[in-house]
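Comments concern the structure below.
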2 protein chains.
Amino acid sequence: MSTPGRGLHGHVLDTLGPEITAGEYPPGSVLRTDELAQRFDVSRSVMREAVRVLESMYLVESRRRVGVTVRPKSEWNVYDPQVIRWRLAGADRPRQLRSLTVLRSAIEPVAAGLAARHATSEQCAELTECALGMVAHSRGHKLEGYLLHDVAFHRVILAASGNEMFARLGDVVAEVLTGRTQHDVMFEDPDPAAVTLHVQVAEAVRAGDAARAEQLTREITVGALQELDILAP
Amino acid sequence: MSTPGRGLHGHVLDTLGPEITAGEYPPGSVLRTDELAQRFDVSRSVMREAVRVLESMYLVESRRRVGVTVRPKSEWNVYDPQVIRWRLAGADRPRQLRSLTVLRSAIEPVAAGLAARHATSEQCAELTECALGMVAHSRGHKLEGYLLHDVAFHRVILAASGNEMFARLGDVVAEVLTGRTQHDVMFEDPDPAAVTLHVQVAEAVRAGDAARAEQLTREITVGALQELDILAP
DNA sequence: CGTGCTCAATAAGTCTGACTTTTTAGCTCC
DNA sequence: GGAGCTAAAAAGTCAGACTTATTGAGCACG
């Protein structure tokens, strides 16, 4: 939803991207540029631009005399925000949500530890504000407001880590949290224990206690894993 | 290296991509498609395809009547393998290597824990083979052979985790390990303690001991952080 | 038979030039 | 000086002709 259909080639991608990531074309399938151009009623130039973008996402490979062949799922650039969005909108949304939650559980505790060392005073203030906002919306079916502060909280943590790779996962985490609230679990008010943990993380970061911030965040992510029944026996 | 200059637009990207990721054009700079086409002596169609690819990497934004504007670094898709390669080849290689090493330190321990639960017997065998290969090449300036087995080891761990997001980081880890050996540290034989740790990780995964595999891998990544002087006081 | 060569068909790749659309900056007019 | 109009600028789109690499079929030769 960030930059939808800006240009004809974008419109083509909005249709073709989800189809490919949904697995509608088995690996090795061949698509012809000319046929696709006809199908979408665009010129070959526009179609070629769309194919180039799909190629840069490692979804397809274009070879002379052969055509545009669909690559196996294992080669896709699953970190591309666009690919993530397409897959989250498609059939294997649950699987995608699980993968991303596991990723979160690995990244966020480390990010919180780094944030405790590198966060500016402004970031600490934002963090506290977010945590308080979560508390304020934790009762009485105010899920929208709660989600908003929850997303902001985790974004600040990732940004404050000072690591650009972590910071770029803000959108992914936002997507996971939003997806969880909207579709899957959480019909009632959030777990009070989770809310408390967020407040404590904010405190630990402010205090510069890296080990504590990391440990507390690990507890948060364990909770997220449990919600999806991903856990070690 | 992987798929160089496949087509004219690829050649353009090989030059323009590194320039942008090196920060030669400050954020907000405007490039004109026509001028670029002249500069690289290609047609506008080819140039447009290249711009589309750069756009899908969030390096630039193309707007009517304005031109192709360079986006701020914070918006770049830093997980795109191509972008990673360009940045590793450029001036801020050290910074990039640090970011990636921190990422590794967050991901790999969790991946090793998952591998202990999900690895197939073939993967366990591969792992042991890699670890033994590392031992065999750990003395007598056999750095090339050591590196080969080291890279393979970490690839297997990431793949065996069963998480597609983790598995896709195999190339990144390979890049980091290779870069470390070739350019930065490690002029002598590798640390014997690190070699032992790899052997022990292989054992733990084979035994299905997730906690131990995770802890041992954490020690490996701590070593990697120390080599780059990234550490908590 | 099967090995290797030639050749023609095919689909991507490239180029050109004309045209459309959107956006912005400058200008007029009130 | 602000609102609205106008014209220029640059990306966007299209159609058509041509180029090039690849591959598979057919054929000759061992």
Legend entry - Atom-to-atom span, NE2 of His9(B) to C1' of dA12(C) - whole angstrom: 12 Å
Legend entry - Rounded distance in Å - CZ (Arg48(A)) to P (dT13(D)): 15 Å
Inset, instruction - Examine dA12(C): is either OP1 or OP2 under 4.0 Å from a nitrogen or oxygen in the side chain of Ser62(A)? Give yes or no. - result: no
Legend entry - Presence of donor-acceptor pair under 3.5 Å, side chain of Arg65(A) and base of dA9(C): yes
Inset, instruction - Say whether, by atom type as modelled, one donor and one acceptor occur between the side chain of Glu75(A) and the main chain of Pro72(A) under 3.5 angstrom. - result: no
Legend entry - Val46(A) or Arg63(A), whichever maps to the more 5' nucleotide of DNA chain D: Val46(A)
Inset, instruction - Spell out yes or no: do the side chain of Arg32(A) and the base of dT10(C) have one donor N/O and one acceptor N/O closer than 3.5 Å? - result: no
Inset, instruction - Return the orientation label for the Tyr79(B) and Tyr79(A) ring planes: parallel under 30°, perpendicular over 60°, tilted otherwise. - result: parallel
Legend entry - Residue pair Ser56(B) / Ser56(A), side-chain donor-acceptor N/O under 3.5 Å: yes
Legend entry - Under 4.0 angstrom between Arg44(B) side-chain N/O and dT16(C) OP1 or OP2: no
Legend entry - Greater than 12 external heavy atoms within 6.0 Å of Arg95(A)'s CZ: no
Inset, instruction - Send over the distance from Met47(B) CE to dC15(C) P, rounded to a whole Å. - result: 12 Å
Inset, instruction - Classify the nucleic acid contact of Ser45(A) as base, sugar-phosphate or nothing, counting any heavy atom under 4.0 Å across all strands shown. - result: base
Legend entry - Length of the CG-P vector between Asp41(B) and dT14(C), whole Å: 13 Å
Inset, instruction - With the side chain of Val68(A) defined as its heavy atoms from C-beta on, choose the nearest nucleotide among dA15(D), dA11(D), dA12(C). - result: dA12(C)
Inset, instruction - Rounded to the nearest angstrom, tell me the gap between atom CZ in Arg52(A) and atom C1' in dA12(C). - result: 9 Å
Legend entry - Whole-Å distance separating the CD atom of Glu55(A) from the C1' atom of dG13(C): 12 Å
Legend entry - Donor-acceptor pair, side chain of Gln123(A) and main chain of Thr120(A), under 3.5 angstrom: yes
Legend entry - Arg64(B) (side chain) and dA9(D) (base): donor-acceptor pair under 3.5 Å: no
Legend entry - Under-4.0 Å side-chain N/O to phosphate OP1/OP2 contact, Thr33(A) with dA12(C): yes
Legend entry - Whole angstrom value for the distance that separates P of dA12(C) from CG of Leu31(A): 10 Å
Inset, instruction - Measure the distance from CD on Glu35(A) to C1' on dA12(C) and round it to the nearest whole Å. - result: 14 Å
